[in-house]
**Student:** 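If you scroll down you'll find the structure; I have some questions about it.
Both counts, for ligands and for their atoms, begin at 1 and track the order of listing.
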Amino acid sequence: SISIQMTGIVQEYPAANGRGVLRVIDGIDLHLENPSINMLLGPSGCGKSTLMRMMGGVRPFNVKTPTQGRVEIDGKECLDQHDDAVTVFQQYANRPDLTVWDNVAFPFTLKLWKGRISPAEVKERVDTILAAVGLADKKAMRPAQLSGGQNQRVALARALVLRPRILLMDEPFGALDPQTREEMQRLLLALCKANPCLVVFVTHDVSEALALGDRVIVLSPQPAKIADDFMIHAEHP
Ligand code: ADP
Ligand code: ADP
């Protein structure tokens, strides 16, 4: 089991005009737990990414984050980036100079160096996840040879190969055409069934939130508070 507890979260950023501050999040309390897909839904600019980044302990260079409040993972305060969470972005950030296989193996580079994982295990894990995302026959290709959907599969594989307990997804399918997007949604649901983890998924698309979410958390426009928070499916025992 895993839990993310956010208490009294406030986030302020320097205002764009250089004077004063912009309060983007104004007192959010949120508790997420166990394998489930949790959608953060709200209009562009309302602070969804800001809230999600805090769960991974990712801090922007220019401000203290959160401005106020506390983020806990399994009851322990999260003050910095941690290994429990990995993030998938819309810009899939695949390395153009590496093959699909090497992109997915990339997160193990340091561990391999330090002898903390064997080459045989890396091979097993990379091959398994590439098969699961449907890219077994694209291993030797490079990102430029792949479609957008396929590149997003590579990014998803690179995240899941680490077997994270928390998967943070920041509008991952936002740039895809509607059909590819639906394929990716189906793939994500299948992957989550096979590899249960706590997913936090940011979107501004209502139908995506309803299609994927076990739970939908709606952020009201700025400064964001939670406007609605509801379960889509009955919880399975
Ligand atoms: P969303 O994910 O809902 O689109 P964001 O969390 O990315 O919203 O951004 C919310 C607001 O905060 C935006 O106005 C954005 O420009 C501003 N913002 C985000 N990060 C920073 C930052 N590091 N410094 C200053 N302003 C920021
Ligand atoms: P989509 O129709 O989903 O947008 P693409 O037309 O980009 O996809 O690609 C369709 C297929 O062709 C994919 O299997 C992709 O890997 C392959 N492909 C695309 N561009 C190249 C290329 N430059 N070299 C080799 N294979 C490619």
**Student:** Name the residue from Thr109, Val104, Asn103 that meets the side chain to side chain contact (heavy atoms under 4.5 Å, CB included) definition with Phe106.
**Tutor:**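 The side chain to side chain contact (heavy atoms under 4.5 Å, CB included) with Phe106 is passed solely by Thr109 among Thr109, Val104, Asn103.
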
**Student:** Going by the order shown, which atoms of ligand 1 are within less than 4.0 Å of some heavy atom of Ser44?
**Tutor:**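 Within the 4.0 Å cut-off of Ser44, ligand 1 contributes 4 (O).
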
**Student:** Between ligand 1 and Asn62, can you find any atom pair, the residue atom being a heavy atom, that is separated by under 4.0 Å?
**Tutor:**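 True for this residue.
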
**Student:** Applying a 4.0 Å heavy-atom criterion (strictly less than), which segment of Ala16 is in contact with ligand 1: side chain, backbone, both, or neither?
**Tutor:**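 For Ala16, no heavy atom sits under 4.0 Å from ligand 1.
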
**Student:** Taking only non-hydrogen atoms of Ala224, do any sit less than 4.0 angstrom from ligand 1?
**Tutor:**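 No, Ala224 has no heavy atoms under 4.0 Å from ligand 1.
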
**Student:** Rounded at 0.5 Å granularity, tell me how far CG in Asn38 sits from CD1 in Ile217.
**Tutor:**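 Answer for the CG-CD1 pair, Asn38 versus Ile217, is 5.0 Å.
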
**Student:** Do you know which two heavy atoms are closest between Pro164 and Asp84, and how far apart they sit?
**Tutor:**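 Minimum heavy-atom separation between Pro164 and Asp84: CB-O, 3.7 Å.
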
**Student:** Quick check on Arg53 - does any of its heavy atoms sit under 4.0 Å from an atom of ligand 1?
**Tutor:**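 Right, Arg53 reaches ligand 1.
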
**Student:** Below 4.0 angstrom from a heavy atom of Cys46, which ligand 1 atoms are there? Numbered from 1 as shown, please.
**Tutor:**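 Matching atoms, with element in brackets: 1 (P), 3 (O), 8 (O).
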
**Student:** Any idea which atoms of ligand 1 are less than 4.0 Å away from a heavy-atom of Pro43?
**Tutor:**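 Counting from 1, the qualifying ligand atoms are 3 (O).
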
**Student:** Is the NZ atom of Lys64 crowded by more than 12 outside heavy atoms at less than 6.0 Å?
**Tutor:**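 Buried by this count: over 12 neighbours within 6.0 Å.
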
**Student:** Assess Val24 for proximity to ligand 1: is some non-hydrogen atom of it under 4.0 Å away?
**Tutor:**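 Under 4.0 Å: yes for Val24.
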
**Student:** If you have a sec, work out which protein heavy atom is nearest atom 9 (O) of ligand 1 and how many Å separate them, to one decimal?
**Tutor:**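 Protein heavy atom with the smallest distance to atom 9 (O) of ligand 1: Thr50 OG1, 4.0 Å.
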
**Student:** Quick one: are Phe230 and Arg215 in side-chain contact, heavy atoms under 4.5 Å?
**Tutor:**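 With C-beta onward as the side chain, the pair stays apart.
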
**Student:** Are Gly42 and ligand 1 in contact, using a heavy-atom cut-off of under 4.0 Å?
**Tutor:**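 Gly42: no contact with ligand 1 (<4.0 Å).
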
**Student:** Tell me, which protein residue and heavy-atom name are nearest atom 8 (O) of ligand 1, and how many Å apart are they?
**Tutor:**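 Nearest neighbour among protein heavy atoms for atom 8 (O) of ligand 1, to 0.1 Å: Gly47 N, 3.1 Å.
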
**Student:** If every non-hydrogen atom of Val199 is compared with every non-hydrogen atom of Cys192, which pair is closest and at what distance?
**Tutor:**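 Between these two residues, the closest heavy atoms are CG2-SG, 3.7 Å.
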
**Student:** Could you find the nearest protein heavy atom to atom 2 (O) of ligand 1 and give me its residue, atom name and distance?
**Tutor:**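 Ranked first by proximity to atom 2 (O) of ligand 1 is Ser49 OG, 2.6 Å.
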
**Student:** Indicate the atoms forming the closest heavy-atom contact of Ser220 with Ala227, along with that distance.
**Tutor:**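 Looks like CB-CB, 3.8 Å.
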
**Student:** Can you find a heavy atom in the side chain of Val71 that is under 4.5 Å from one in the side chain of Gln5?
**Tutor:**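 Side chain of Val71 against side chain of Gln5, heavy atoms only: no contact under 4.5 Å found.
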
**Student:** Run the numbers for me: atoms of ligand 1, each under 4.0 Å from some heavy atom of Lys48, listed by number.
**Tutor:**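 Atoms satisfying the 4.0 Å criterion: 1 (P), 2 (O), 3 (O), 4 (O), 6 (O), 8 (O).
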
**Student:** What protein heavy atom sits nearest atom 13 (C) of ligand 1, and how far off is it?
**Tutor:**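 Going by distance alone, atom 13 (C) of ligand 1 is nearest to Gly45 O, 3.9 Å.
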
**Student:** Under a 4.5 Å cut-off applied to non-hydrogen side-chain atoms, are Gln81 and Arg59 in contact?
**Tutor:**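 Gln81 does not reach Arg59 side chain to side chain.
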
**Student:** For the side-chain hydrogen bond (donor to acceptor under 3.5 Å, both in side chains) test, which of Asn62, Thr65, Thr67, Thr50 pairs with Tyr13?
**Tutor:**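 Among Asn62, Thr65, Thr67, Thr50, the one meeting side-chain hydrogen bond (donor to acceptor under 3.5 Å, both in side chains) with Tyr13 is Thr50.
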
**Student:** Backbone, side chain, both or neither: what part of Pro60 comes under 4.0 angstrom of ligand 1, heavy atoms only?
**Tutor:**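 The side chain, only.
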
**Student:** As a test of the contact definition, would atom 16 (O) of ligand 1 count as having a protein heavy-atom neighbour under 4.0 Å?
**Tutor:**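 When distances to the protein are checked, atom 16 (O) of ligand 1 has no heavy atom within 4.0 Å.
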
**Student:** Among protein heavy atoms, which sits nearest to atom 14 (O) of ligand 1, and what does the distance come to when rounded to 0.1 Å?
**Tutor:**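 Checking every protein heavy atom, the shortest distance to atom 14 (O) of ligand 1 gives Gln222 NE2, 3.8 Å.
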
**Student:** More than 12 heavy atoms of other residues, nucleotides or ligands under 6.0 Å from NE2 of His82: is that the case?
**Tutor:**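 Enclosed: over 12 neighbouring heavy atoms sit under 6.0 Å from NE2 of His82.
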
**Student:** In the protein, what heavy atom is nearest to atom 20 (N) of ligand 1, and what distance, to one decimal place, separates them?
**Tutor:**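 Ranked first by proximity to atom 20 (N) of ligand 1 is Tyr13 CZ, 3.3 Å.
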
